[in-house]
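Every value quoted in this text rests on a predicted model; they were computed, and no experiment measured them.
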Amino acid sequence: MKGLFQRVEPTRYCRGADAKALRRSGKRFPLSDREKEFQIIPVHVALHLRKAHCRKQGSTKGAESRIYEKTTGNRDMPQSIAAIRYAEFGGPEVLSFESDSLADPGNGEIQIRHSAIGFNYIDIYHRKGVFGPKLSLPATPGIEGVGEVTAIGAGVAGFAVGDRVAYVGGPPGAYATHRNLPAARTLHLLDGLDDTLVAASLMKGLTAEYLTHRCVSLRPGDTVLLHAAAGGVGSFASQWLKALGVTVIGTVSTEEKAQYARARGCDHVVLYTRDDFRDEVRRLTDGKGVRVVYDSVGAETFERSLDCLQPRGTLVSFGESSGPVDPVNVSTLGAKGSLFLTRPSIAHYTADRREFETAADRLFAAIRDGLLTVDQPRCYPLSDAAEAHADVEARRTMGAVVLLP
């Protein structure tokens with residue numbers, strides 16, 4: 001297929017009088033059967049061959065750059081892909097698996113072939129049309145993935161075809177076999193990191209990193225309340241909080257999830273389906289309350305989360321799985337103890353490239369050193385994305401979910 005592959009001119013590698021004679025005669029260069037199989041070769045192989053030939057002729061870097069542009073720029077046929085699309089906002093049933101085509105990467109973009117795609121709750125918000133500005137329809141969800149670079153757009157430095165990369169954030173569009181994305185949102189992967197585990201951990205791990213290390217300054221001996229402690233972010237956050245010497249009270253919906261949360265670092269676990277977590281926090285802290293509440297649930301928990309805070313405590317509202325939070329009267333924060341309220345987003349905590357890379361390095365080091373345990377995620381075929389959405393919304397999953405193209 002033109003675009004992914006290029007035809008190599010056999011006479012290109014025949015030099016001197018022989019080459020001139022062949023060109024004048026119009027005859028083809030004699031190829032062996034094995035060589036004929038490789039008359040059509042991948043772009044990155046063509047690039048390698050042309051650079052090697054250029055070096056033999058005493059080429060300069062400038063000439064190699066022109067060869068690079070010629071090789072990677074000749075992709076005038078769209079890449080055929082399969083992707084999840086939705087043409088209206090709604091439940092999991094609006095998701096459909098469709099064939100599509102993908103144009104060449106634009107300025108500042110790279111194109112990747114996914115090996116694993118991270119599932120995040122924001123994908124559900126986008127599908128429902130309840131998070132920030134609604135996406136233009138039809139749309140493809142997904143903001144996290146792992147794969148291999150297959151093409152590079154103009155103005156991109158530091159990446160090459162064949163690189164293993166991972167990304168999080170930026171424009172949605174991960175639920176596809178291939179996609180274009182800004183190179184600025186992409187990270188190189190070190191050898192030894194499993195693609196599926198990276199897809200299960202990057203977004204959730206980076207979220208847990210800024211929640212536990214940068215959103216609020218925590219000290220050993222502090223006590224926090226962590227909602228959805230058995231979820232993807234919760235399981236990372238509880239481990240990191242425990243490593244920081246913080247006492248963690250986690251909330252979960254079932255006894256099975258309670259056991260999982262304890263194994264991931266929670267000192268106390270509350271089944272909110274059975275007990276009022278507000279009463280349990282008061283009991284466990286002797287009425288003092290907690291220094292921080294991490295709340296990704298939203299509407300169902302927000303007001304009671306405020307009641308769990310000690311004076312000058314902080315409510316970190318970073319999700320709304322049960323629905324959006326009603327507008328807050330600022331005076332309420334003063335009446336309840338001069339409380340602080342923040343609504344952080346990973347986009348703002350990774351907007352600076354240096355901060356982004358530093359956070360990723362901290363995450364990968366914690367995984368490598370065994371500080372954080374990454375469980376094997378629950379995997380679904382990309383074509384079954386609707387089923388994955390339904391299971392996550394119904395709280396039938398624990399830990400991370402990954403889609404496989």
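Under a 3.5 Å cut-off, the side chain of Asp163 and the backbone N or O of Ala160 do form a donor-acceptor pair. Side-chain N or O atoms of Thr212 include none that pairs as donor or acceptor with a backbone N or O of Ala237 at under 3.5 Å. The main-chain N or O of Glu320 is found under 3.5 Å from a side-chain atom of Tyr125 such that the two form a donor-acceptor pair. In this structure, the side chain of Ser322 engages the main chain of Ala299 through a donor-acceptor pair within 3.5 Å. Listed for the Asp369 side chain is no donor-acceptor partner under 3.5 Å among the backbone atoms of Leu371. Using modelled atom types, no side-chain atom of Arg214 and backbone atom of Ala359 make a donor-acceptor pair closer than 3.5 Å. Put simply, the side chain of Glu88 never gets that close to the backbone of Val94: no donor and acceptor are under 3.5 Å apart. Under the 3.5 Å distance criterion, the side-chain polar atoms of Ser317 are left unmatched by any main-chain donor or acceptor of Arg343. Not a single donor-acceptor pair under 3.5 Å links the side chain of Asp391 to the backbone N or O of Ala388. A donor-acceptor contact shorter than 3.5 Å links the side chain of Asp194 to the backbone of Leu197.
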- Item | Derivation and outcome, side-chain contact (heavy atoms from CB on, under 4.5 Å), residues Thr207 and Tyr349 | CA-CA 9 Å; Thr207 300; Tyr349 279 85; over 6 Å; no
- Item | Steps toward side-chain contact (heavy atoms from CB on, under 4.5 Å) verdict (Phe356, Arg185) | CA-CA 9 Å; Phe356 185 27; Arg185 299 304 306 172; 4.1 Å; yes
- Message: Does Lys257 form a side-chain contact (heavy atoms from CB on, under 4.5 Å) with Arg395? I'd like the steps, not just the answer.
- Response: CA-CA 10 Å; Lys257 291 185 176 183; Arg395 299 176 181 175; 3.8 Å; yes
- Message: I'd like to know whether Phe302 forms a side-chain contact (heavy atoms from CB on, under 4.5 Å) with Asp326, so could you lay out the CA-CA distance, the side-chain angles of the two residues, the decisive distance to 0.1 Å, and finally the verdict.
- Response: CA-CA 9 Å; Phe302 184 84; Asp326 290 334; over 6 Å; no
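You'll find the side chain of Ser201 stays beyond 4.5 Å of the side chain of Pro377, heavy atoms only. No side-chain heavy atom of Val246 sits under 4.5 Å from any side-chain heavy atom of Arg291. Side-chain contact between Thr342 and Phe318 is absent, with no heavy-atom pair separated by less than 4.5 Å. At a threshold of 4.5 Å between non-hydrogen side-chain atoms, the residues Tyr210 and His348 do not count as touching. Between Ser235 and Asp375, the closest side-chain pair of non-hydrogen atoms is not below 4.5 Å. Counting heavy atoms from C-beta on, the side chains of Leu382 and Phe97 come closer than 4.5 Å. Taking the side chain as every heavy atom from C-beta outward, Tyr86 and Leu137 approach each other to under 4.5 Å. Here the side chains of Pro324 and Val130 are not in contact, with every heavy-atom distance at 4.5 Å or above.
If you run side-chain contact (heavy atoms from CB on, under 4.5 Å) between Tyr294 and each of Leu241, Thr314, Val233, only Leu241 comes through. The residue from Leu315, Ile249, Leu226, Asp222 that alone fulfils the side-chain contact (heavy atoms from CB on, under 4.5 Å) condition with Val290 is Ile249.
Between Leu271 and Ala258, the shortest heavy-atom contact is CD1-CB, 3.8 Å. Nearest heavy atoms, Phe159 versus Ile110: CB-CG2, 4.5 Å. Between Val297 and Glu300, the closest heavy-atom pair is CG1-CB, 4.3 Å. Closest of all the heavy-atom pairs between Leu211 and Pro344 is CD2-CG, 4.3 Å. The minimum heavy-atom distance between Ile117 and Glu144, with the atom names listed, is CG2-O, 3.5 Å. Residue Leu225 comes nearest to Cys308 through the heavy atom pair CD2-SG, 3.9 Å, listed as atom of the first residue, atom of the second, then distance.
The line from CG of Asn180 to CD1 of Ile81 is 8.5 Å long, rounded to the nearest 0.5 Å. Atom-to-atom distance recorded for Glu209:CD and Asp361:CG is 10.5 Å, nearest 0.5 angstrom. From Gln111, atom CD reaches atom CZ of Arg179 across 11.0 Å, with rounding to the nearest 0.5 Å. In this structure, Arg113 CZ and Gln79 CD are separated by 8.5 Å, a value rounded to the nearest 0.5 Å. A distance of 12.5 Å separates NE2 in His126 from OG1 in Thr140, rounded to the nearest 0.5 Å. Distance CG/Asp267 to CG/Leu284: 10.0 Å, rounded to 0.5 Å.
In this structure Arg312 satisfies the salt bridge (Lys or Arg N to Asp or Glu O under 4.0 Å) test with no other residue, sequence neighbours excluded. Residues satisfying the salt bridge (Lys or Arg N to Asp or Glu O under 4.0 Å) criterion with Lys336, sequence neighbours excluded, are Asp307. By the salt bridge (Lys or Arg N to Asp or Glu O under 4.0 Å) test, Arg282 is found to be paired with Asp279, residues two or more places apart in sequence or in another chain being considered.
In this model, a donor atom of one side chain and an acceptor atom of the other lie less than 3.5 Å apart for Ser305 and His227.
A cation-pi contact, defined as under 6.0 Å to the ring centre and within 45° of the axis, links Arg264 to Tyr260.
At most 12 non-hydrogen atoms from other residues, nucleotides or ligands lie less than 6.0 angstrom from CD of Glu256. Annotation for Arg353: atom CZ counts as buried by contact number, over 12 foreign heavy atoms lying within 6.0 Å.
Between Tyr167 and His114, the gap from one ring centroid to the other is short of 6.0 Å.
Relative orientation of the His389 and Phe119 rings is perpendicular, given thresholds of 30° and 60° on the angle between their planes.
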